[in-house]
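These notes are about the structure you will find just below.
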Amino acid sequence: MPYFDTASSAPLHPVARQALQASLDEGWADPARLYREGRRAGLLLDAAREAAAESVGCRPDELVFTPSGTSAVHSGIAGALAGRRRVGLHVAVSAVEHSSVLHAAAAHGRATGGAVSEVPVDRYGAVAPAAYAEALRADTALACLQSANHEVGTEQPVAEVAELCRSRGVPLLVDAAQSLGWGPVEGAWSLLAASAHKWGGPAGVGLLAVRKGVRFAPQGPADERESGRTPGFENIPAIVAAAASLRAVRAEAAAEALRLRALVDRIRASVPELVPEVEVVGDPVRRLPHLVTFSCLYVDGEALLHELDRADFSVSSGSSCTSSTLTPSHVLRAMGVLSEGNVRVSLPPGTPEADVDRFLEVLPGVVAGVRERLGAPAAGGAAVSGPVAAADGAAADGAAEAEELVVDALGRRCPIPVIELAKIFGEVPVGGTVTVLSDDAAARLDIPAWCEMRGQEYVGERPADHGDGGAVAYVVRRLS
């Protein structure tokens with residue numbers, strides 16, 4: 001069964017498995033003790049730290065191991081903010097950071113009253129260095145920027161932003177969880193966090209690097225281990241396996257990146273040709289080599305994932321219908337792209353070309369089946385049929401006023417509001433409008449995205465006098 005979700009968690013690398021098994025017999029003792037078993041454990045821990053630091057590009061005494069990547073992020077943010085509390089309480093983050101970063105920043109804001117600024121991104125999911133510079137203030141205590149996005153694969157301009165932060169005296173924390181296995185993070189970053197299970201190491205191991213000279217005050221009860229920056233007894237076998245696998249995947253990264261990038265390029269090019277009404281998202285060039293994300297109009301994301309699972313493909317999704325909160329992915333929302341029917345494919349190292357071939361064979365039928373069950377219109381048909389344009393501008397204005405239609409999609413979740421819009425759109429005269437009433441959060445993304453994909457005008461939204469107060473009226477004008 002092809003596993004195409006390595007961005008969530010990579011399969012355990014063979015080197016990690018070997019190192020884990022070997023160190024179980026040697027790394028069980030307390031590395032802080034001076035007797036023979038403790039010394040052995042301490043040597044293993046020191047060697048792992050040196051190997052990991054070399055891969056990260058920092059000094060061994062700048063790096064500590066944590067129980068997870070999330071723990072590394074939380075410890076890094078809390079310690080950096082506490083160390084610079086006299087400077088201010090303001091935090092700058094990109095709008096597409098991992099939830100661990102956004103949650104930690106929000107918790108800081110609630111606890112201290114400090115402001116959190118979200119730097120916007122473009123439709124590819126990238127921040128502009130100039131926009132990040134505008135977010136920095138005299139009281140900015142910390143800036144955060146991921147090295148590459150976990151949902152769409154877009155690489156961020158870390159080196160440029162790091163230089164901007166350095167010139168303002170603001171430390172930059174980089175979440176490198178998705179990219180560290182492919183190479184070091186360039187630039188003058190101040191703190192870096194990552195997670196071993198993202199590159200093929202065991203789960204339960206993260207790392208946090210804090211450059212010398214960065215003001216840092218560990219939070220929580222004091223602990224003598226890991227420079228006081230993370231409490232608890234080190235899981236030395238897992239740490240050894242994490243460091244060994246990071247070194248191993250780095251050795252394979254150049255060749256594997258070329259091979260996987262070619263496979264991903266095939267998916268990016270083939271999916272829009274094989275499946276109508278698809279938007280491929282993320283930067284086509286500045287991206288991780290193994291990851292591609294696309295969204296399909298008129299498709300329920302959860303149903304699509306279930307059908308692909310039945311066809312033996314494991315993929316992920318950022319659609320709201322796959323979320324317990326029924327809200328679209330914050331990444332797709334920040335990018336302003338289609339969220340319904342979203343599929344993230346992230347290929348693990350060693351993925352055979354035959355698996356990609358079969359995925360491309362299976363996908364069109366799976367999408368078509370889901371659309372048929374939902375009663376979606378035939379692809380491309382709704383927006384080009386129906387009444388023709390009026391002969392002149394005045395007649396068109398009159399037609400628009402007389403023919404405004406309303407679609408009541410209240411209480412119906414993605415992708416139904418867009419499907420109902422597409423069904424009725426053929427009845428709208430050119431120049432006329434249709435209003436969609438919806439209380440689904442995904443509609444705020446998906447209706448404008450539908451307009452852009454179909455070449456129609458998204459007029460805007462306004463509160464609707466329907467439902468329990470959460471209803472919104474979305475207005476679309478037919479242009480052709």
Side-chain angles (χ1 to χ4, degrees), residues 95-96 99 102 106 118 120 123 277 279 281 295-304 317-342 370-371 373-377 382-383 386-387 397 399-479:
V96 294
S99 58
L102 298 180
E118 286 195 1
R123 283 186 67 84
E277 313 286 15
E279 181 178 16
V281 300
S295 299
C296 309
L297 269 177
Y298 316 137
V299 172
D300 179 312
E302 184 174 3
L304 181 56
S317 173
S319 294
S320 63
C321 30
T322 67
S323 165
S324 59
T325 62
L326 294 178
T327 58
S329 145
H330 72 276
V331 172
L332 300 179
R333 185 170 64 245
M335 294 168 63
V337 297
L338 182 70
S339 72
E340 65 188 45
N342 180 261
V370 173
R371 285 173 170 167
R373 288 197 297 275
L374 290 171
D397 290 342
E401 293 176 4
E403 296 293 337
E404 181 173 3
L405 300 175
V406 176
V407 174
D408 187 346
L410 295 172
R412 309 184 75 182
R413 300 301 176 191
C414 76
I416 300 302
V418 176
I419 289 177
E420 294 303 315
L421 166 63
K423 284 180 177 179
I424 201 173
F425 206 71
E427 302 175 19
V428 180
V430 173
T433 62
V434 57
T435 298
V436 182
L437 305 178
S438 177
D439 50 8
D440 178 18
R444 182 166 278 111
L445 281 180
D446 294 344
I447 291 176
W450 181 90
C451 293
E452 182 163 334
M453 294 174 71
R454 305 305 298 274
Q456 308 303 331
E457 179 187 356
Y458 176 64
V459 177
E461 66 176 71
R462 63 175 186 269
D465 298 327
H466 295 76
D468 59 2
V472 177
Y474 301 93
V475 183
V476 176
R477 176 174 287 113
R478 180 172 178 176
L479 300 180

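Fair warning: this is a prediction, and the values are worked out from it, not measured in the lab.
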Does the [X] side chain pair with the main chain of [Y], one donor and one acceptor, at a distance under 3.5 Å?
X	Y	value
Asn342	Ser317	no
Gln456	Arg478	no
Ser438	Pro417	no
Asp439	Leu410	no

Could you tell me which non-hydrogen atom of [X] sits nearest to which non-hydrogen atom of [Y], and how far apart they are?
X	Y	answer
Val331	Val96	CG2-O, 3.9 Å
Pro120	Ala95	CA-CB, 4.5 Å
Pro415	Tyr298	CG-C, 3.7 Å
Val459	Val476	CG2-C, 4.3 Å
Pro448	Ala443	CD-O, 3.6 Å
Ala473	Leu437	CB-CD2, 3.7 Å

If you measure from [atom1] on [X] to [atom2] on [Y], what distance do you get to the nearest 0.5 Å?
X	Y	atom1	atom2	result
Cys451	Leu421	SG	CG	6.5 Å
Asp440	Ile416	CG	CD1	10.0 Å
Glu277	Met453	CD	CE	5.5 Å

Given the rule in the side chain to side chain contact (heavy atoms under 4.5 Å, CB included) test, do Val418 and Ile447 qualify, once you have shown the distances and angles that lead to the verdict? CA-CA 6 Å; Val418 176; Ile447 291 176; 4.1 Å; yes

Quick one: side-chain hydrogen bond (donor to acceptor under 3.5 Å, both in side chains) partners of [X], sequence neighbours excluded?
X	value
Arg462	none
Glu457	Arg477
Arg333	none

Report yes if some heavy atom in the side chain of [X] is under 4.5 Å from a heavy atom in the side chain of [Y]; otherwise report no.
X	Y	result
Leu102	Glu118	yes
Arg371	Leu297	yes
Leu445	Val337	no
Phe425	Arg454	no
Ile419	Lys423	yes

Would you please indicate yes or no on a ring centroid separation below 6.0 angstrom for Tyr474 and Trp450?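 Between Tyr474 and Trp450, which both carry aromatic rings, the centre distance is not below 6.0 Å.
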
Arg123 and Glu279 ion-paired at < 4.0 Å: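 Yes.
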
